[in-house]
Amino acid sequence: MSEKNKRRRFSMPSAFTILFLLIVAIAILTWIIPAGKYNIDQAGNVISHSYHAVANKPQGLWDVLMAPVIGMVGNAKTDGAISISLFILVIGGFLGVVNQTGALNDGIKVLVHKYSKQKKMLIPLLTVLFALGGSTFGMSEETMAFYPLLIPIMQAMGLDSLVAVAIPLVGTQVGNLASTVNPFATGVASQTLHISMGDGLISRLFLLVLTLIFSIWYIYHYAAKIEKDPTKSLLYANQDASELQADEEETEDIPKLSKGQKHVLWIFGLTFVIMIIGLVPWQTINPNWTFFESFLKWLRNVPFLGALIGKDTVAFGSWYFNEITMLFLGMAILIKFVYRIPEQKFVDYFMDGVKDFASVAIVVALARGIQVVMDAGMITDTVLHWGELALQGSNKIMYTLATYVFYLPMTFLIPSTSGLAAATMGIIGPMGHFAGVDSNIVVSIYQAASGLINMLTPTSAVVVGAMQIAHINISTWWKWAWKMALGLLLISCTYLVILAVL
């Protein structure tokens, strides 16, 4: 049999292909599903039981090809993704500059070396660090640099590659599971529902703490078990002493953080602190918390200083995508001066970071194109109406669990958190309104299911890449992780149900 006649192996299409095929499928549905519309109140919210039929508006080839374009810039019916896409590009530039200083990579290497003889400290410290990265800036692919570093260190401590892989992979995905201000998950989903990323931030912090404690315990329990008895390792039959010795020798070259790198790390941390403070709606938590508004009002009236700062400055607590985009741009420029990066190199570093995140920005627009076709074909409200009918007699608990279950297979198909949020939140969010579930809780449900699946799915480049580096069969990873995944599912579902009914 010739090579041409051999059966080709199936490969999962990219997120771009899946999303474009979904646009085509939705366009076909506009020829089948009856068009309809809800009345809305002055705040723009859908009024229950006000659905009525309208003339059909089937979408054609032109509409399919225009959908990603309108998905980016927007039109009268659908908001564009330009603000979130621009933010993604700017944060990409910011991370590009930070990464070129080596501050993040070297900082983690120094931390690993410092606690390499104290695994009781190293496992929780690194897991928390990676979780914070996932929760704040969507850290995921960046972990690929740390697997070759952690594997020999964990083996030298009497552990195995599973522990080395679990620390960054589980850490970042638990961070994504309970994202606080992750622009690629929380940001896109919140923008789609027209709410601030600060809405629900406190509740997501509690979920992060709960899931992180359980994950650290699970990793450490396994580590303690194989330290005591190496034959308990799921990789015991594949251990190679000669490779282990060679790897140990590679860990001797430990970097020393320069003064400039330390400054960059402080700026990096401060950036996310300022973003969180700016996004949290302080007055919705307590109407008397008006400190930032009062201070800004006083500052504007200070001669010269008020004009120098800017009369249009927005107070903390009222920030949205324009303001946090400005923050990351400004902080990237600050790093340029603090680290003394030449102007041309700074521009190159920033643009390299932008290039790395360009595909993410385009995925968001492409996913928004699904909503564009649904809105233009007037079937969005029809689907919502079906959802309203299905939810009649149901309660908040049923909606929460059904939404969680919905996002489990959807994450398998679309592992991109930003693409998944942009593609689905426009429908799932308003359905929550019918069930009486707040929009910020809907965002949390989506994130919890997405983070859980993305630490397991073979459609994730990070999962597959980590297994390849560690020479671990993905079935072995599933064998190790399934109990942890079940525990995280029960914890997150229970927490979200309690949150929904309170």
Within this structure, what is the [atom1]-[atom2] distance for the pair [X] and [Y], rounded to the nearest 0.5 Å?
X	Y	atom1	atom2	answer
M331	L270	CE	CG	4.5 Å
I324	M197	CD1	CE	3.5 Å
L208	Q447	CG	CD	10.5 Å
I472	L234	CD1	CG	9.5 Å
I151	L162	CD1	CG	10.0 Å
S444	L201	OG	CG	9.5 Å

[Y] backbone acceptor or donor facing [X] side chain under 3.5 Å:
X	Y	value
Y446	T417	yes
W478	L456	yes
Y407	S450	no
W477	M455	yes
S233	P230	no
T101	V98	yes
T127	I123	yes

Over all heavy atoms of both residues, which pair between [X] and [Y] is shortest? Give the atoms and the distance, please.
X	Y	answer
Q261	D106	NE2-OD2, 3.0 Å
A103	V264	CB-CG1, 3.8 Å
A448	L496	CB-CD1, 3.9 Å
I335	I341	O-CD1, 4.3 Å
N440	R204	O-NH1, 4.1 Å
I23	L366	CD1-O, 3.5 Å

Find out whether [X] and [Y] are in side-chain contact, i.e. whether some heavy atom of one side chain is under 4.5 Å from a heavy atom of the other.
X	Y	value
F214	M484	yes
L265	L104	yes
V437	M431	no
V209	L212	no
F328	M275	yes
K256	V110	no
I362	F16	yes
V442	Y399	yes

Candidate pair Y404 and L489, rule side chain to side chain contact (heavy atoms under 4.5 Å, CB included), full reasoning: CA-CA 9 Å; Y404 197 110; L489 185 147; 4.2 Å; yes
Distance flag, aromatic centroids of F268 and F272, threshold under 6.0 Å: yes
Full working for side chain to side chain contact (heavy atoms under 4.5 Å, CB included) between M154 and I167: CA-CA 10 Å; M154 290 298 154; I167 290 172; 3.5 Å; yes
Side-chain atoms of residues 83-94: list all donor-acceptor pairs with protein atoms under 3.5 Å, sequence neighbours left out, distances to 0.1 Å.
unit_1 : atom_1 : unit_2 : atom_2 : d
S83    : OG     : Q191   : NE2    : 3.1
S85    : OG     : A81    : O      : 3.1
S85    : OG     : A361   : O      : 3.1

Mutual orientation of the aromatic rings belonging to F350 and F346 [parallel < 30°, tilted 30-60°, perpendicular > 60°]: tilted
Ring geometry between W217 and H221 (parallel below 30°, tilted from 30 to 60°, perpendicular above 60°): parallel
Steps toward side chain to side chain contact (heavy atoms under 4.5 Å, CB included) verdict (I195, V443): CA-CA 10 Å; I195 61 174; V443 173; 4.2 Å; yes
Pair Y495, T211: side-chain N/O donor-acceptor within cut-off below 3.5 Å: no
Residue of the set T172, N176, T180 for which side-chain hydrogen bond (donor to acceptor under 3.5 Å, both in side chains) holds with S135: T180
Derivation and outcome, side chain to side chain contact (heavy atoms under 4.5 Å, CB included), residues F316 and I274: CA-CA 9 Å; F316 288 153; I274 293 174; 4.1 Å; yes
